[in-house]
Amino acid sequence: MNGPDTAMQAARPIGSGSPLARWIETPEGVVLPIELGQRGERAVAFILDFLIVIGIIIGLYLLLIAVILGGKFGGIGWLFALVMLASFFIRSFYFAFFELRWQGTTPGKRAMGLRVIDRAGGPLTAQAVLARNLMREVEVFLPITVLISGTFSGEVWQTLATIGWLAVFMFMPLLNRDGLRVGDMIAGTWVVAAPKGALLRDLAHGEADAENPAAAHFNFTTKQLDAYGIYELQALEGVLRDRRPNAGQVRVEVARRIRAKIEMSAEDLSEADTERFLRDFYTAMRARLERRMLLGVRRRDKHDRR
């Protein structure tokens with residue numbers, strides 16, 4: 001069984017490409033190329049999300065002020081406590097909520113083309129999402145609160161200690177090659193460049209193939225196409241786009257694993273047939289997923305049993 005340590009050993013730079021390029025091995029043994037998100041992009045994504053959180057909280061307090069000035073409600077104390085409680089939950093669970101609902105993304109991450117994935121190659125679990133985001137309370141929000149209170153109380157030592165605390169966590173992504181913050185280290189996650197949602201026309205056989213399966217060299221049953229979901233479709237797109245020196249070996253291994261997963265004949269394929277098999281499978285699976293989404297069924301990944 002693969003764990004984070006195994007995945008980290010398997011994650012290695014791809015050829016002579018970008019220093020952010022890595023391998024990731026799925027639990028099925030498929031080795032896929034990914035690209036880590038740039039530190040600057042991650043910082044901008046966090047700032048965008050942070051501004052959204054602050055904007056929502058400020059909106060709540062403005063609403064409270066409007067109610068107080070209106071003087072139409074009694075018991076302002078409990079209403080103030082309710083706003084404080086709501087602010088705490090928004091601050092604490094904003095990131096976790098979106099990462100769980102949007103497959104590892106938040107509004108800020110979406111804007112910057114980033115997403116969170118499991119370093120072991122498995123599905124992004126709720127435990128991992130909660131762990132990485134609850135650590136943000138220790139990394140950012142708690143020290144900022146202490147810093148503000150120390151500033152107003154005039155305690156210089158408290159202010160300096162808090163600045164040091166913030167600096168350690170702030171610069172942690174600069175102290176390791178994968179740009180991991182402490183939350184990522186604990187949760188076993190990576191923030192990567194999100195794959196594009198649609199395959200470029202030069203990688204597919206054209207829309208005619210998606211609508212006419214007979215035009216494809218390889219044909220697949222509905223059961224075979226339902227073995228995977230949107231996440232695997234995007235991962236397969238990344239494999240087809242890869243043009244690094246060892247990309248051919250990756251495609252051969254991916255094709256072999258897919259054929260085993262969908263219980264298809266496991267005979268060896270030539271390089272040309274391997275390429276055609278992956279393209280045909282991608283095109284057919286994309287058409288299948290798109291038809292199901294028209295009916296309101298959106299399968300996020302192979303673990304989603306809907």
Q.
For a side chain to side chain contact (heavy atoms under 4.5 Å, CB included) check, start with the C-alpha distance between Asp184 and Trp190, then their side-chain angles and the critical distance, and finish with the verdict.
A. CA-CA 6 Å; Asp184 289 315; Trp190 261 333; over 6 Å; no
Q | Spacing of CZ belonging to Arg279 relative to CD belonging to Glu237, to within rounding of 0.5 Å | A | 11.5 Å
Q. About how many Å separate CG of Leu48 and CZ of Arg110, when rounded to the nearest 0.5 Å?
A. 14.0 Å
Q: Could you pull out all residues at least two apart from Phe98 that satisfy ring-ring contact (aromatic ring centres under 6.0 Å, His included)?
A: Tyr94, Trp102
Q: Take the angle between the ring planes of Tyr61 and Phe80 and call it parallel below 30°, perpendicular above 60°, tilted in between.
A: perpendicular
(Q) For a quick test of reading the model, state the closest non-hydrogen atom pair linking Arg132 to Arg181 and the distance between them. (A) O-NH2, 2.6 Å
Q: Provide the closest heavy-atom pair for Asp49 versus Gly108 in the form atom of the first, atom of the second, distance.
A: OD1-N, 2.8 Å
Q. What's the spacing between Leu63 CG and Ile58 CD1 if we round to 0.5 Å?
A. 13.5 Å
Q | Nearest heavy atoms of Val239 and Arg251, plus distance in Å | A | O-NH1, 2.9 Å
Q | Residues Leu233, Arg286; criterion side chain to side chain contact (heavy atoms under 4.5 Å, CB included); working and verdict | A | CA-CA 7 Å; Leu233 181 75; Arg286 181 183 65 178; 4.1 Å; yes
Q. Is it true that a side-chain atom of Glu253 and a backbone atom of Val250 form a donor plus acceptor pair closer than 3.5 Å?
A. no
Q: Begin with the C-alpha distance, continue with both residues' side-chain angles, and end with the deciding distance and a verdict on ring-ring contact (aromatic ring centres under 6.0 Å, His included) for Phe277 and Tyr282.
A: CA-CA 8 Å; Phe277 168 79; Tyr282 177 94; over 10 Å; no
Q: Report the C-alpha distance between Asp178 and Arg39 in whole Å, list the side-chain angles of each, state the deciding distance to 0.1 Å, and finish with yes or no for salt bridge (Lys or Arg N to Asp or Glu O under 4.0 Å).
A: CA-CA 9 Å; Asp178 291 334; Arg39 293 176 177 87; over 6 Å; no
Q: Go through the steps to decide whether Phe93 and Phe89 satisfy the test ring-ring contact (aromatic ring centres under 6.0 Å, His included), and finish with yes or no.
A: CA-CA 6 Å; Phe93 297 105; Phe89 276 101; 5.7 Å; yes
Q) Should Ile56 and Phe50 be regarded as members of a common hydrophobic cluster, given that ILVMFWY residues are connected when their side-chain heavy atoms come within less than 4.5 Å of each other, either directly or indirectly? A) yes
Q | Closest non-hydrogen atom pair between Glu99 and Lys109, with its separation | A | OE2-NZ, 3.0 Å
Q) Do the side chains of Ile54 and Val83 join up, straight or via other hydrophobic residues, at under 4.5 Å, putting them in one cluster? A) yes
Q. Is there a chain of hydrophobic side chains (I, L, V, M, F, W, Y, each step under 4.5 Å between heavy atoms) that links Leu130 to Leu180?
A. no
Q: List the atom of Tyr228, the atom of Arg257, and the distance in Å for their closest heavy-atom pair.
A: OH-O, 4.3 Å
Q: Identify whether Ile90 and Leu64 are in the same connected component of the hydrophobic contact network (ILVMFWY, side-chain heavy atoms under 4.5 Å).
A: yes
Q: Go through Leu236 and Val254 one step at a time and tell me if the side chain to side chain contact (heavy atoms under 4.5 Å, CB included) criterion holds.
A: CA-CA 8 Å; Leu236 179 54; Val254 170; 4.3 Å; yes
**Q.** Interatomic distance, Leu114 atom CG to Phe46 atom CZ [nearest 0.5 angstrom]
**A.** 14.0 Å
Q. So which heavy atom on Ile117 is nearest to which on Leu124, and how close?
A. C-CD1, 4.1 Å
Q | Beyond-backbone contact of Phe220 with Asp280, side-chain heavy atoms, under 4.5 angstrom | A | yes
Q | ILVMFWY cluster, Leu85 and Leu60 together (side-chain gap under 4.5 Å) | A | no
Q: Find the distance between OG1 (Thr283) and CG (Leu240) and round it off to the nearest 0.5 Å.
A: 8.5 Å
Q: Please report the C-alpha distance between Val191 and Arg115 in whole Å, then the side-chain angles of each, then the deciding distance to 0.1 Å, and finally whether the side chain to side chain contact (heavy atoms under 4.5 Å, CB included) criterion is met.
A: CA-CA 6 Å; Val191 178; Arg115 67 176 295 174; over 6 Å; no
Q. Looking at CG of Leu278 and CZ of Phe218, how far apart are the two atoms once the value is rounded to the nearest 0.5 Å?
A. 9.0 Å
Q | salt bridge (Lys or Arg N to Asp or Glu O under 4.0 Å) partners for Glu263, two or more places apart | A | none
Q) Got a donor-acceptor contact below 3.5 angstrom from the Arg119 side chain to the Thr189 backbone? A) yes
